[in-house]
A.B. asks: 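Please read through the structure below; I'll follow up with questions.
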Amino acid sequence: MNFQVTVLKILVSYPDGFAVMADLKRDMAILATSGRDWSERTKRLAARVPDLDIFSQGLVERLNGGWRITEKGRSVLEFMEARPAERMTESAAPAAELPASSPAATPTLAARRSGRSQRLQRRRAARERARAKAC
């Protein structure tokens with residue numbers, strides 16, 4: 001189950017949600033060795049969707065030597081990451097059954113792009129700090 005949550009988290013961080021297998025394996029190895037925090041976080045997220053199966057539920061698709069997260073996968077991941085108060089206001093339907101076309105389930109394209117942009121900026125800043133420390 002933690003593996004599946006990790007796959008969703010990795011894929012959502014890539015442009016268009018697509019990553020080749022080599023990149024997925026590398027990122028999985030980094031996260032798997034990053035300590036207990038990551039493991040505990042993925043367990044908490046997985047507990048919010050107990051019957052998670054990323055392939056049979058259509059959350060991830062296999063394409064051209066890699067995997068891509070679907071819109072439904074993005075919705076389920078957002079549901080898992082939502083704070084308890086936010087989840088209470090949503091429908092009581094299980095996350096795996098949320099329709100991908102539901103306006104409440106999928107954020108606007110602009111909102112997703114701005115989130116990606118912020119993540120990329122944080123990563124660049126972290127790389128620059130790491131390079132500065134190495135010199």
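Throughout, residue positions are numbered sequentially from 1 according to the sequence presented. Scope of the values below: all heavy atoms of this structure, side chains included, with no hydrogens, waters or symmetry mates.
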A.B. asks: Taking atom types as modelled and ignoring hydrogens, do the side chains of Trp38 and Thr6 form a donor-acceptor contact shorter than 3.5 angstrom?
C.D. replies: yes
A.B. asks: Heavy-atom distance under 4.5 Å between the side chains of Arg74 and Phe79, does that happen here?
C.D. replies: no
A.B. asks: Tell me, please, which residues at least two apart from Phe18 pass ring pair (Phe, Tyr, Trp, His ring centres under 6.0 Å).
C.D. replies: none
A.B. asks: Is Lys72 reaching over with its side chain to a backbone N or O of Gln57, donor-acceptor style, under 3.5 angstrom?
C.D. replies: yes
A.B. asks: Enter the distance from Leu77:CG to Leu45:CG here, rounded to the nearest 0.5 Å.
C.D. replies: 7.0 Å
A.B. asks: Can the ring centres of Trp67 and Phe55 be said to be less than 6.0 Å apart?
C.D. replies: yes
A.B. asks: Can any side-chain N or O of Ser75 pair as donor or acceptor with the backbone N or O of Glu71 at less than 3.5 Å?
C.D. replies: yes
A.B. asks: Any chance you could measure Glu61, atom CD, to Thr70, atom OG1, to the nearest 0.5 Å?
C.D. replies: 6.5 Å
A.B. asks: Are side-chain heavy atoms of Val60 and Arg68 found at a separation under 4.5 Å?
C.D. replies: no
A.B. asks: Between the side chain of Glu81 and the main-chain N/O of Val76, is any donor-acceptor distance below 3.5 Å?
C.D. replies: no
A.B. asks: Val20 versus Asp23: any side-chain heavy-atom pair under 4.5 Å?
C.D. replies: yes
A.B. asks: Among all residues two or more places apart in sequence or in another chain, which pass the salt bridge (Lys or Arg N to Asp or Glu O under 4.0 Å) test with Arg123?
C.D. replies: none
A.B. asks: Verify the cluster assignment for Ile69 and Met28: are they in a single hydrophobic cluster under the rule of side-chain heavy atoms below 4.5 Å apart?
C.D. replies: yes
A.B. asks: By salt bridge (Lys or Arg N to Asp or Glu O under 4.0 Å), which residues pair with Arg44, not counting sequence neighbours?
C.D. replies: none
A.B. asks: Do Phe3 and Val12 share a hydrophobic cluster, counting only Ile, Leu, Val, Met, Phe, Trp and Tyr and linking them when any side-chain heavy atoms are less than 4.5 Å apart?
C.D. replies: yes
A.B. asks: In this structure, would Met21 and Leu31 fall into the same cluster of hydrophobic residues linked by side-chain contacts under 4.5 Å?
C.D. replies: yes
A.B. asks: Does any N or O in the side chain of Thr42 come within less than 3.5 Å of the main-chain N or O of Val5, such that one atom is a donor and the other an acceptor?
C.D. replies: no
